[in-house]
Amino acid sequence: MKELFRRTRKSFSSAEISEQAQIPDDLWVKCSACREIIYKKQLYDNLKVCPKCGHHMRMSAHEWLGLLDVGSFSETDVHLLPTDPLGFVTPDESYAVKLKKSQQRTGMADAVIAGVGSINGIVLALGVGDFSFMGASMGSVYGEKMARAAERAAEMNIPLLTINTSGGARQQEGVIALMQMAKVTMALNRLAEAGQPHIAVLVDPCYGGVTASYPSVADIIIAEPGANIGFAGKRLIEQIIRQKLPAGFQTAEFMLEHGMIDLVVPRNELRDVLARLLRHYDRRRQTRSVPASEAPAYANGRP
Amino acid sequence: MEQHELATANQELTAWDRVLRARQPQRPHTLDYVFALCEEFVELHGDRRFGDDPAIVGGLAAFGERTVVVIGHQKGNDTRENMRRNFGMPHPEGYRKALRLMRHAEKFGLPLICFVDTPGANPNKESEERGQANAIAECIQTMTNLRTPIVAAVIGEGGSGGALAISVGDRILMQENAIYSVASPEAAAAILWRDAARAPDAASALKLTAQDLYALEIIDEVVPEPPGGAHLNPQAAITTLGERIQAHLDELCALDLPTLLQRRYAKYRSMGRYQELADVLLRSVKQG
């Protein structure tokens, strides 16, 4: 199966996609966008992009690891576990119970996988969100893993890649969750001082406190076609302005048109685009374009 | 009621009581503080990109012996003024004005004082088109390593990312009846209780009061208000907060820049509550 996704050099693959999906159980799926019935194997071969309409379906954090060179990933900070700092209880469910259920359902401790791996041999630090874990909301563990990923990248003098999907800050952790926006951004200063890039990929959906913090100040921002990306949710805006929002509002293409992101890249080209970008930064090791004495001193996140 | 009784009553306020006090239209707002605490205030306008947002005000002012840059959300005292100020809910150009003023403070080595008082960043179509998320993110990033002391004071509502955008700093103060929340109690109630009318319950669960946030080590100080709340005696509230800002600024200005920035880094880097499994295992081993 591993080779299937590498038939074209441009695509990437995920061992986890095939292993976790257990394809024989459920051979056909319906595309949520075009409603066409798709053979599941064909969908997974196509990196969960609908072969009929090109709709990019959500990938789990584990599936995203297929973006890296096969066998290159080593996970870090697996021992970080969420707590319930506020003792948050709603009539439906307490945060503690919700966490336990999400952990059992996803097999993850919280919504982020972090680690070190490589793309085309170029080593990088990685942080990936998983929307199926409480909407990849950013709580303490999410923030800590991303912050450590940034610091690790700085220490190892390697680039940082973040793959971001989130409903925003995790309400059950209150202002502690909100402060993760500042924490991750703070840690990224180390990366800037090390002169290494942060490349952020925004995938569907990405909202609220995540969009409004570290990915939006990345050196390169890439989004997947059709991904919903924004600050305030569409329903909230529609309630407030009492109008329907136009089709295409808050999509990746909308973000590109308004100058908020660098590129919209289809999933099967992403690995190739990332590899090309990474080579540009990596090339600096061999060739120095600016005389050392005249290299701009990089201070304070700005030249 | 005697002062003593009022003070006791203050301690028994529910989170929702604090929310209502924080939103009291007669509470002093940013410009009330600036005009009362500073001299020679010159308001500076515009983001140099798109426009001037009246929901955020800022400028140069003499505070004590120092010239400082002040930035704050600005609510109105009446409906008309609130319409003009968009109830203190900034558009991206408001945050980009703040950003410009932050860099101005850094460039000229002036301390930065921020007054936080917003229901949140404005959620509408135009804000999204002009990059609300980007504007907030850039403010946060700039404040994380701005090379000058920053004191932020929450004087009313601290509404989520729209408040955080101008309140990353070396000291975060909150007035006794101010609130700071990841989401408005109404929004949290609508989502988690499926009923916006349960906002008082959400307010309590969100731990949004100054007292809660001090206990959680998110803020540095709870600044007392006059009995019954700042709106009943604005002058006293302003004076007390002014004294506390001054005290913190004196401490921060005595630090050298690398120390200031290292401490700011450590302050935010340590925010968060999680368990490290290694610690848990180690403890259980020690306990046998």
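So that the names make sense, note that chain A is the first sequence line, chain B the second, and so on, each numbered from 1. Values below: every heavy atom of this structure, side chains too, minus hydrogens, waters and symmetry copies.
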State the [atom1]-[atom2] distance between [X] and [Y], to the nearest 0.5 angstrom.
X        : Y        : atom1 : atom2 : value
A/Gln172 : B/Lys207 : CD    : NZ    : 13.0 Å
B/Gln141 : A/Tyr214 : CD    : OH    : 14.0 Å
B/Asn122 : A/Ile237 : CG    : CD1   : 9.5 Å
A/Asp77  : B/Tyr274 : CG    : OH    : 9.0 Å
A/Ser216 : B/Gln132 : OG    : CD    : 11.0 Å
B/Met89  : A/Ile240 : CE    : CD1   : 6.5 Å

Which atoms of [X] are under 4.5 Å from chain B, going by heavy atoms: the side chain, the backbone, both sets, or neither?
X        : value
A/Ile241 : side chain
A/Tyr207 : neither
A/Ile176 : both
A/Val89  : backbone

Using every non-hydrogen atom in the two residues, find where [X] and [Y] come nearest and quote the distance to one decimal.
X        : Y        : result
A/Gln171 : B/Leu206 : O-CD2, 3.7 Å
B/Leu192 : A/Asp92  : O-OD2, 4.2 Å
B/Val168 : A/Ala182 : CG2-CB, 4.0 Å
A/Ala187 : B/Tyr265 : CA-OH, 3.4 Å

Between chain B and each of [options], count heavy-atom pairs under 4.5 Å; write down the option with the most.
options                                : answer
A/Pro246, A/Pro215, A/Gly174           : A/Gly174
A/Met181, A/Glu257, A/Glu173, A/Arg148 : A/Arg148
A/Met260, A/Glu144, A/Met255           : A/Glu144
A/Lys234, A/Glu238, A/Met179           : A/Met179

Relative to chain A, which segment of [X] carries a heavy atom at a distance below 4.5 Å: side chain, backbone, both, or neither?
X        : value
B/Ala183 : side chain
B/Leu208 : neither
B/Arg130 : backbone
B/Leu213 : side chain

Next item on the list: Tell me, please, which residues at least two apart from B/Tyr214 pass side chain to side chain contact (heavy atoms under 4.5 Å, CB included).
Entry: B/Ile219, B/Val222
Next item on the list: State, yes or no, whether a side-chain contact exists between A/Phe231 and B/Asn134 at a heavy-atom distance under 4.5 Å.
Entry: no
Check: Looking just at side-chain N and O atoms, do A/His79 and B/Glu276 make a donor-acceptor pair shorter than 3.5 Å?
Finding: yes
Note to self: Between B/Lys125, B/Met271, B/Glu128, who has the most heavy-atom pairs with chain A when the cutoff is under 4.5 Å?
What the structure shows: B/Glu128
Note to self: Looking at A/Met186, is its backbone amide N or carbonyl O close enough to the side chain of B/Thr144 to form a donor-acceptor pair, meaning the two atoms are under 3.5 Å apart?
What the structure shows: no
Note to self: With a sphere of 6.0 Å drawn around CZ of A/Arg235, does it hold more than 12 non-hydrogen atoms of other residues, nucleotides or ligands?
What the structure shows: no
Next item on the list: May I ask you to check whether over 12 heavy atoms, not counting those of B/Glu217, lie within 6.0 Å of atom CD?
Entry: no
Check: What's the verdict on side-chain contact (heavy atoms from CB on, under 4.5 Å) for A/Leu86 and B/Asp212, showing C-alpha distance, side-chain angles and the deciding distance?
Finding: CA-CA 9 Å; A/Leu86 309 186; B/Asp212 287 333; over 6 Å; no
Check: So which residues of residues 157-165 of chain B are in contact with chain A at a heavy-atom cut-off of under 4.5 Å?
Finding: B/Ser160, B/Gly161, B/Leu164
